[in-house]
Amino acid sequence: MSEYSFFGAVEKSFDKAAKFTKWDPGILEQIKQCNAVYRMHFPVKIGDKIEVIKAYRVQHSHHKLPCKGGIRFALSVNLDEVMALAALMTYKCAIVNVPFAGAKGGITIDPKKYTPYDLEKITRRYTSELIKKNFIGPGIDVPAPDYGTGEREMAWIVDTYTSMRPGEIDGLGCVTGKPVTQGGVRGRREATGLGVFFGLREVCNMKDVMDKLGLTTGVEGKRVAVQGLGNVGYHSAKFFQEAGAKIVALAEYEGAIWSKDGLNVDAVVEHRRKTGSILNFPGATNFAKNTDALEMECDILIPAALENVINGENASRVKAKVIGEAANGPLTPEADDILAKKGTLVVPDMYLNAGGVTVSYFEWLKNLSHVRYGRMEKRFTENLNSQILGQIEGLTGKKVNQKEKEFIMHGPEEVDLVRSGLEETMIAATREVMDAWKANPEIPDMRTAAYVVAINKVGTSYAELGIFP
Ligand code: GLU
């Protein structure tokens, strides 16, 4: 087990990076601390019993507003974890230039033990507790999905908020990750997984980085293992598969499966839906523990479940050359040290899984502007493209084939704009972090480089804001 708490591990990584910055110790201390911690207990009637539910919302920073971060439903939720995840949100938003401060929430329950009706009562009561303390609002603090929550819970939150704040014109922006029918944005569901893919694809396209690892450039043909087939793991695996990578291992609670020829992600999901387990997938080898997937022969390993799964005990057995942290905090500081010595490239959670919050930002902007992306320009662009195409065909006397024609004519839909904004964001962030790392040979790993980038941005904010006298 790690000798650090999760928040302690985040602080340790922060300190390791702070040495490579020039900020006043006071500013560094202010960046590091959690600004506001709200722990609550509230009663909810479940069947004929009253249950006292424990929940949290932590606002790690306030250098920008609103604060932003998901809400987790899990039995393992505790104050230390929520603080660590809130801190990671501050750094994550800074790296991808999303103008939010960091926050996180959590309710200590096992959501599988409750009916949807009970979960709705718990979620609505939690939301009203946040409203009472002014811990939620489009300009204050904007929650989102995280482990154990999704669109359904976000719909309950927005409904509770808008009922209690009638007439608030921007009320829909109080939470993101909503269903599209309730003010959500197209492309949010797959955003984190797609962001993980875009980030890792950019790393794989860097020839010098791949050469050092003894890998070929590009994603095609890479052997990928994914631990966790939830929203993030599923979509990461799916996008890698579509880009021509081989998904050699997949893991869920009940165990792991492996196939050297590659697994079809949707077929595995369908098999699990039918049989209740990932195991016994035709043509694949079974492994009893889901953590076995972490030690399998592959090029890229994507832990996409919970924190601390790669630690001092198993890190030396990890065979992957690249680890893409889709989950938050899947490696302990001990694992970081062991892997850095082995020469494994760890692409850190802090920016790699920022696709979710990036598209949340787009959703929030959509809510504030009260118009769907693409609504104003789609038809105009299509008419213009059609005109240009007609001119080209007329001047050259040649016809463009139908498939190309449709591609060129197409005006942007909401999902096209969201995905292109995400792609741009993830590529720019990957390059910025890599450049910071290359600029200082003393920086030991990519995580530290990411922290340096984040600290410099948040530090600039605090310094320019000044400290309130
Ligand atoms: N829970 C996600 C994360 O950890 C998304 C947060 C958000 O969209 O605000 O980044």
Side-chain angles (χ1 to χ4, degrees), residues 1-23 25 27-35 58 60-61 63 69 79-96 101-104 199 203 301 303 306-315 318 322-354 357 429-430 432-459 462:
M1 250 347 256
S2 173
E3 61 185 279
Y4 300 98
S5 68
F6 189 8
F7 186 65
V10 173
E11 283 190 306
K12 185 173 151 70
S13 301
F14 181 99
D15 292 340
K16 195 164 154 190
K19 291 197 299 256
F20 301 104
T21 72
K22 297 197 170 65
W23 295 101
I27 296 254
L28 289 172
E29 187 60 18
Q30 174 55 42
I31 299 173
K32 215 161 97 170
Q33 294 300 336
C34 285
N35 287 6
V58 171
H60 173 259
S61 57
H63 64 297
L79 181 59
D80 173 73
E81 181 186 71
V82 185
M83 285 169 65
L85 293 168
L88 285 174
M89 287 307 301
T90 295
Y91 308 133
K92 191 184 298 193
C93 290
I95 297 176
V96 291
K104 202 79 173 199
V203 170
L301 170 65
L306 284 173
E307 52 262 20
N308 295 342
V309 292
I310 303 176
N311 45 50
E313 194 276 314
N314 62 0
V318 170
V322 179
I323 299 179
E325 292 188 314
N328 285 307
L331 271 66
T332 64
E334 292 85 354
D336 261 352
D337 292 342
I338 295 168
L339 291 162
K341 280 197 199 100
K342 273 186 21 166
T344 310
L345 174 65
V346 177
V347 186
D349 51 358
M350 239 177 35
Y351 97 89
L352 189 67
N353 69 23
V357 74
T430 306
E432 196 172 345
V433 172
M434 275 294 186
D435 286 348
W437 192 13
K438 283 177 194 158
N440 187 345
E442 304 272 290
I443 295 179
D445 49 39
M446 195 173 176
R447 186 189 314 286
T448 308
Y451 267 95
V452 168
V453 171
I455 294 170
N456 282 336
K457 289 188 184 175
V458 183
Y462 275 117

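- Under the 3.5 Å distance criterion, the side-chain polar atoms of Asp445 are left unmatched by any main-chain donor or acceptor of Thr344.
- Under the 4.5 Å side-chain criterion, counting only non-hydrogen atoms from C-beta, Arg447 is not in contact with Met350.
- Between the side chain of Lys104 and the backbone N or O of Leu85 there is no donor-acceptor pair closer than 3.5 Å.
- Taking the charged nitrogens against the carboxylate oxygens, Asp336 and Lys12 have no contact shorter than 4.0 Å, which rules out a salt bridge.
- Residues Phe20 and Pro444 are in side-chain contact: their nearest non-hydrogen atoms beyond the backbone lie under 4.5 Å apart.
- Taking 4.5 Å as the limit, some side-chain heavy atom of Val10 sits within range of a side-chain heavy atom of Tyr451.
- Taking both residues in full, the closest heavy atoms of Lys92 and Ala354 are given as CG-CB, 3.5 Å, listed atom of the first, atom of the second, then distance.
- Within the 3.5 Å criterion, the main-chain N or O of Thr332 finds no donor-acceptor partner in the side chain of Asn308.
- Contact check for Ser5 versus Met83: no side-chain heavy atoms found under the 4.5 Å cut-off.
- With a 6.0 Å radius and a threshold of 12 heavy atoms from other residues, nucleotides or ligands, Lys341 has its NZ atom at or below the threshold.
- No donor-acceptor distance shorter than 3.5 angstrom exists from the side chain of Asp349 to the backbone of Glu325, with no hydrogens or angles considered.
- Exactly one of Thr90, Leu28, Ile27 qualifies for a side chain to side chain contact (heavy atoms under 4.5 Å, CB included) with Val458. That residue is Thr90.
- Considering all non-hydrogen atoms of both residues, Gly324 and Pro303 come closest at O-CD, 3.1 Å.
- Met446 is listed as a side-chain neighbour of Tyr351, based on a closest heavy-atom distance under 4.5 Å.
- When Asn456, Ile31, Val453 are each tested for a side chain to side chain contact (heavy atoms under 4.5 Å, CB included) with Thr21, only one passes: Asn456.
- In this structure, Asn440 and Val452 have side chains that are not in contact, with every pair of non-hydrogen atoms separated by 4.5 Å or more.
- Nearest approach of Val357 to Cys93, heavy atoms of both residues: CG2-SG, 4.0 Å.
- Scanning all heavy atoms of the two residues, the minimum distance from Ile95 to Ala450 falls at CD1-O, 3.3 Å.
- Separation of the Phe7 and His60 ring centroids does not fall under the 6.0 Å cut-off.
- Pairing each heavy atom of Ile443 with each of Trp437, the nearest pair is O-NE1, 3.0 Å.
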